2 protein chains.
Amino acid sequence: MSLPHAILTALLEKPSSGLELTRRFDRSIGYFWSATHQQIYRELGKLEAEGHIRALPSEQPARGQKKSYEVLPAGRAELARWTAASQDPKPHRDPLLLRLRAAAVVGTDGLEADLRRHLELHKRQLADYEKIEQRDFPPGKDAPHDRIQHLVLRAGIDLETFWTQWLTHALEEFAELPESGTA
Amino acid sequence: MSLPHAILTALLEKPSSGLELTRRFDRSIGYFWSATHQQIYRELGKLEAEGHIRALPSEQPARGQKKSYEVLPAGRAELARWTAASQDPKPHRDPLLLRLRAAAVVGTDGLEADLRRHLELHKRQLADYEKIEQRDFPPGKDAPHDRIQHLVLRAGIDLETFWTQWLTHALEEFAELPESGTA
DNA sequence: GGCCTTTATGCAACTAGTTGCAAAACAACG
DNA sequence: CGTTGTTTTGCAACTAGTTGCATAAAGGCC
């Protein structure tokens with residue numbers, strides 16, 4: 001139930017069309033809530049029907065024609081309500097850890113290469129985040145809004161740091177394992 | 001596409017009935033791949049139809065009557081194939097980080113209490129994991145199988161450690177924020 | 001003008017996970 | 001023996017997310 005709220009947040013930051021939202025979901029917001037353009041258009045329709053957002057009046061609604069949305073007071077209220085409401089943390093789902101656990105039973109053949117690949121991907125993501133941090137949060141930029149955003153980015157950085165460290169450690173362990181164990 | 005493989009792994013570790021599997025998903029395996037009993041029964045049906053597992057011959061199949069499954073060679077082969085196959089990491093979805101980002105726009109009212117609650121939950125989970133580590137991985141228990149399982153547990157411990165630290169830091173920042181900011 | 005690519009919007013079908021409920025076997029209680 | 005509660009299995013409907021494809025406008029190009 002988070003996608004509509006992700007969209008409301010994005011639209012409050014800046015009114016946008018479906019495609020612009022899609023692009024922003026590929027960057028900042030998508031780092032912790034990804035969505036495809038199909039999902040976004042579907043949800044924009046629902047949010048408009050519910051009276052949470054409206055199309056900016058300027059242009060007529062036709063296919064292939066840009067249509068921008070802005071958040072209405074009802075939408076902002078709903079977002080505030082959702083943000084403040086208590087929510088239980090959902091349990092993780094991590095296929096990589098699952099594969100490792102399977103490997104403990106059926107053997108580690110073939111897994112190492114993919115661990116190495118994941119390590120590279122996480123390193124790259126970490127480098128991206130750190131570049132964003134330098135660009136968007138120079139020392140002194142500490143209005144409440146900035147502090148909170150920075151906090152979110154720090155979570156991303158620390159998570160990627162964790163994964164690179166853990167994967168590095170895992171690969172070291174693999175190196176010490178006897179070859180091809182159906183352990 | 002991971003649930004069937006989670007079940008195969010669990011059944012290889014020990015043949016079980018649906019209910020036993022459900023219980024084990026609430027403990028060890030569920031720490032990184034949770035599932036309800038309804039999902040598990042449905043999936044057991046599919047896996048049996050595909051010839052990956054079979055019901056242990058002992059008892060007749062009737063409703064309300066215990067039925068245990070074991071993995072067939074085809075199931076083991078499928079699990080090995082899946083474990084070795086390259087898979088892209090799926091992007092995270094974290095509602096809490098999303099809420100924080102929303103809070104940067106609509107204000108942090110009400111969020112702090114839930115952050116505190118999450119911190120408690122993560123601390124408890126961390127304590128659980130550490131107890132499991134002490135119990136199941138004493139020094140010297142380092143056969144390949146144990147090392148890999150330990151690696152998975154370490155990921156859980158380190159992730160919970162990250163969250164407790166990050167939430168603690170976030171709460172410190174909140175304390176410094178001016179009251180009730182629609183920042 | 002006709003053709004190709006890019007931009008922008010969107011529908012439909014499918015897959016995976018969640019929620020609500022129920023039915024069959026069994027055990028215990030009086 | 002009937003009632004009540006627990007264990008075990010399972011169906012059905014719903015929600016959320018994914019995948020594949022379609023349609024329309026706009027701009028470049030020859």
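Below, chain A is the first sequence line, B the second, and so on; all start at residue 1. Small disclaimer: the values here were computed from a predicted structure and weren't measured.
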Smallest heavy-atom separation, Glu20(B) atom then Pro15(B) atom, equals OE1-O, 4.3 Å
How long is the line joining [atom1] of [X] and [atom2] of [N], in whole Å?
| X | N | atom1 | atom2 | answer |
| --- | --- | --- | --- | --- |
| Tyr69(A) | dG10(C) | OH | P | 5 Å |
| Leu3(A) | dG17(D) | CG | P | 6 Å |
| Asp88(A) | dT18(C) | CG | P | 14 Å |
| His92(B) | dG17(D) | NE2 | P | 16 Å |
| Phe25(B) | dT9(D) | CZ | C1' | 17 Å |
| Tyr41(B) | dA23(C) | OH | P | 17 Å |
| Lys46(A) | dT15(D) | NZ | P | 9 Å |
| Ile40(A) | dA8(C) | CD1 | C1' | 13 Å |

From the list Tyr129(B), Phe162(B), Trp163(B), ring-ring contact (aromatic ring centres under 6.0 Å, His included) with His122(B) holds only for Trp163(B)
Looking only at the side chain of [X] (C-beta and beyond, no hydrogens), which of the listed nucleotides [options] gets closest?
| X | options | result |
| --- | --- | --- |
| Met1(A) | dA16(D), dT9(C), dT19(D) | dA16(D) |
| Arg23(A) | dG17(C), dT8(D), dA8(C) | dA8(C) |
| Ser17(A) | dC21(C), dT9(C), dG17(D) | dT9(C) |
| Gln39(B) | dG10(D), dA8(C), dT18(C) | dT18(C) |
| Arg42(A) | dG20(C), dT9(C), dA12(C) | dA12(C) |
| Trp33(B) | dG17(C), dT9(C), dG17(D) | dG17(C) |
| His37(A) | dT8(D), dG10(C), dT18(C) | dG10(C) |

If you measure only the distance, is there a donor-acceptor pair under 3.5 Å linking the side chains of [X] and [Y]?
| X | Y | result |
| --- | --- | --- |
| Glu133(A) | His150(A) | yes |
| Arg24(B) | Ser16(B) | yes |
| Ser86(B) | Arg117(A) | yes |

**Sugar-phosphate only, base, or nothing, as touched by Thr22(B) at under 4.0 Å among non-hydrogen atoms** = nothing
For dG10(C) and Lys67(A) - does any side-chain N or O of the residue sit under 4.0 Å from the phosphate oxygens OP1/OP2?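 Answer is yes, contact under 4.0 Å.
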OP1 or OP2 of dT19(D) under 4.0 Å from side-chain N/O of Gln38(A): no
On DNA chain D, more 5' by nearest nucleotide between Leu44(B) and Arg93(B) is Leu44(B)
